[in-house]
Amino acid sequence: MNQPFSQHVLFKTSQLEEADGPPHNPSDNPTMGEIIGARFSRRGFLQGTLAVSAITAMVSPAALVSADAARAGTASAFQFKEVEAGVDAYHHVAEGYDADVLLRWGDRLFADAPEFDPLKQSAAAQVRQFGYNNDYVGFIPLEGSSTRGLLVVNHEYTNPHLMFPGIVTVADGKVKQAPLTSEQVDIEMAAHGGSIVEIEKVNGKWRIVLDGRFNRRITADTGMELTGPAAGHARLQTKADPSGRKVLGTLNNCAGGVTPWNTYVMAEENIHGYFSGKLPEKHRESANYKRFGIPEGSYEWARFYDRFDIGKEPNEPNRFGWIVEIDALDPTAVPKKRTALGRTKHEGAESIVAKDGRVVFYLGDDERFDYVYKFVTAGKFDPTNRSANMNLLDEGTLYVAKFAEDGSVSWLPVVFGKGPLNEANGFGSQADVLIETRRAADLLGATKMDRPEDVQPNARNGKVYVLLTNNTKRSDEQVDAANPRAGNAFGHIIEIAEAGGDFAATTGTWEVLLKCGDPSIAAVGATFSTETTKNGWFGMPDNCAIDSAGRLWVATDGNNNKATGRTDGLWAVDTEGAARSTSKLFYRVPVGAELCGPLFTPDDQTAFVAVQHPADGGEDWKGHGRPSYYEDLSTRWPDFRPDMPTRPSVVAITKTGGGKIGA
Ligand code: FEO
Ligand code: CA
Ligand code: CA
């Protein structure tokens with residue numbers, strides 16, 4: 001079958017995968033550059049923002065900062081010299097720090113794996129090598145160590161145009177992608193999922209332990225179990241699995257988490273792209289799949305595997321979109337899809353132990369106008385008996401957030417029999433409610449948000465940070481207090497304080513910590529503190545980390561365009577005292593990449609970051625001498641350095657000579 005040139009090549013990955021415009025119809029959506037250009041044109045800039053821009057043009061905010069800050073006690077909690085924002089082919093970290101590539105796509109995790117050779121790829125090799133497009137990064141200490149542990153890494157999705165040499169041809173100015181072969185589809189499936197790999201720090205530098213006893217690859221083919229209230233339900237049964245309890249693989253694992261009992265959780269996000277075909281007429285799942293955007297069909301897997309064709313296997317998509325839990329400390333453990341946490345385009349699943357010992361998981365559903373959730377376990381965490389915690393995720397209450405105009409938030413139970421979640425609305429049980437979590441939340445009147453990504457509790461200050469990437473489709477009429485900007489191109493961050501400082505509470509208060517974007521353009525409405533320099537502002541907050549000092553670090557997805565003049569990166573954001581909302585750029589990625597997974601070791605001496613899809617970006621980046629499809633960069637670039645993250649990579653950032661980061 002001859003495929004037209006894939007949308008993967010024509011459009012920036014983040015635009016396609018992250019739904020800033022319907023993935024199935026990207027032509028409807030202007031690029032971020034166009035949106036910014038139209039909304040914040042030079043004319044608008046002059047008309048609306050003269051006062052602010054004049055001030056910022058004359059006096060660098062940086063110049064105003066230090067003396068005033070020192071006098072007023074407003075100094076930032078972060079001590080490092082900021083990186084210059086910009087766009088180029090390399091990565092950059094603050095002076096005095098090292099950013100070392102630790103793991104790249106194709107690196108061997110086992111001694112029997114072949115060395116990575118892009119010209120000799122195979123599924124058999126890929127399943128023993130580090131996967132593609134690293135997203136979530138977690139660290140599970142071994143024996144409490146900060147220098148030896150398991151790195152757990154999600155492999156969210158694949159970019160065939162960047163992976164497979166020769167698949168893209170350019171003739172007469174037209175770019176074409178060949179259909180994938182069956183082997184290439186198998187490589188894609190093997191490049192998905194996750195990696196569990198032992199790492200150790202020796203003489204101040206991290207290295208992987210080849211053949212570490214816990215090393216493991218999880219793929220789109222790994223056998224898994226469905227557990228919890230929806231397991232076994234008829235809507236989860238297929239020809240291959242009449243039990244409705246056994247699934248092959250996990251898809252599109254975006255962010256995730258490590259539980260208090262040191263298991264690894266992966267969040268299945270944009271699962272709609274893997275399914276093709278057409279449901280039988282008047283099929284029960286029609287409305288369910290429409291709400292989820294299924295089938296979107298940007299992957300070619302259904303050509304080789306019937307289970308990805310919803311005409312042939314209509315229930316298969318109901319077996320994806322869950323939170324998956326893996327015991328990384330048992331290489332034989334069967335991964336479990338925990339249905340109690342609902343089925344959405346899950347961004348992540350960060351958790352914290354509440355006052356009474358129950359465990360609270362915060363969950364974003366990353367789509368425009370979708371919701372923020374939390375799950376509270378029924379049972380309590382037992383720190384002295386790990387095995388007693390291993391099924392905590394099968395029983396508990398899922399809640400969805402309603403943010404009120406008065407600054408309060410209510411967590412509404414997504415529970416069968418409560419309110420409208422009943423038979424009259426097509427729900428026969430909690431299983432139905434969970435399979436159609438989004439529709440249940442619609443009926444409950446949850447607040448439609450600007451693409452909820454990471455939601456992160458902070459044990460040090462008792463707050464919860466909700467990162468909202470953007471939503472350029474929000475109209476003036478749809479603005480509310482929690483999503484205060486129409487055409488929200490740059491996103492914002494909400495800070496929740498749960499009632500009584502109890503993460504399990506069903507009420508709380510909230511405020512906007514930060515509206516993102518360039519603060520020197522008043523029409524953007526950004527709210528970075530005046531101490532934030534021209535390098536310090538960012539747009540499109542996506543992932544975040546809280547270090548052990550309780551400080552917030554934000555990673556972004558989508559700054560990679562000409563309008564912002566900066567690539568994505570890692571910014572340090574003050575949340576406390578007079579420095580609140582001050583942001584500083586610590587690290588930035590190569591052109592075309594987004595930054596995922598920031599994670600600090602317990603001693604705060606290492607930050608692991610995941611550089612995803614470097615070099616992607618359609619035709620945008622010709623000026624940088626870099627192709628947007630596979631090419632051997634060592635011959636293309638005269639200044640190529642093999643130590644750069646030129647393919648998806650986990651990078652370990654440490655202070656030169658040792659010490660805590662940003663301290
Ligand atoms: Fe995969 Fe919502 O980022
Ligand atoms: Ca994102
Ligand atoms: Ca993300």
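Both ligands and their constituent atoms are indexed starting at 1 by order of listing.
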* Pair Glu188-Trp301, side-chain donor/acceptor within less than 3.5 Å -> yes

* With a 3.5 Å cut-off and no angle check, do the side chains of Tyr264 and Asn154 form a donor-acceptor pair? -> yes

Tell me, which N, O or S atom in [X] is closest to atom 2 (Fe) of ligand 1?
X	answer
Glu453	OE1
Glu347	OE1
Asp366	OD2

* To do: Could you tell me how the ring of Tyr299 sits relative to the ring of Tyr274: parallel (under 30°), tilted (30 to 60°) or perpendicular (over 60°)?
  => parallel

* Asked: Using 30° and 60° as the class limits, which term best fits the ring planes of Phe130 and His155: parallel, tilted or perpendicular?
  ->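 Phe130 vs His155 ring planes: perpendicular.
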
* So which of the N, O or S atoms of Glu453 lies nearest the Ca ion (ligand 3)? ->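 Among the N, O or S atoms of Glu453, the one closest to the Ca ion (ligand 3) is OE1.
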
* Spacing of Phe375 atom CZ and Leu398 atom CG [to the nearest 0.5 Å] -> 7.5 Å

* Asked: Between Arg343, Arg438, His346, which is the residue that forms a side-chain hydrogen bond (donor to acceptor under 3.5 Å, both in side chains) with Asp365?
  -> Arg438

* Between Glu347 and Lys345, does at least one N-O distance fall below 4.0 Å, as a salt bridge requires? ->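 Between Lys345 and Glu347 there is no salt bridge, as every charged N stays at least 4.0 Å from the carboxylate O atoms.
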
The Ca ion (ligand 3) to nearest N/O/S of [X] less than 3.0 Å:
X	result
Glu347	yes
Glu269	no
Asp542	yes

* Cys596 near atom 1 (Fe) of ligand 1 via N/O/S, less than 2.8 Å ->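 Coordinating: no.
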
* Structure fact -> So the angle subtended at atom 1 (Fe) of ligand 1 by Glu269 atom OE1 and Glu156 atom OE2, rounded to 10 degrees, is 80°

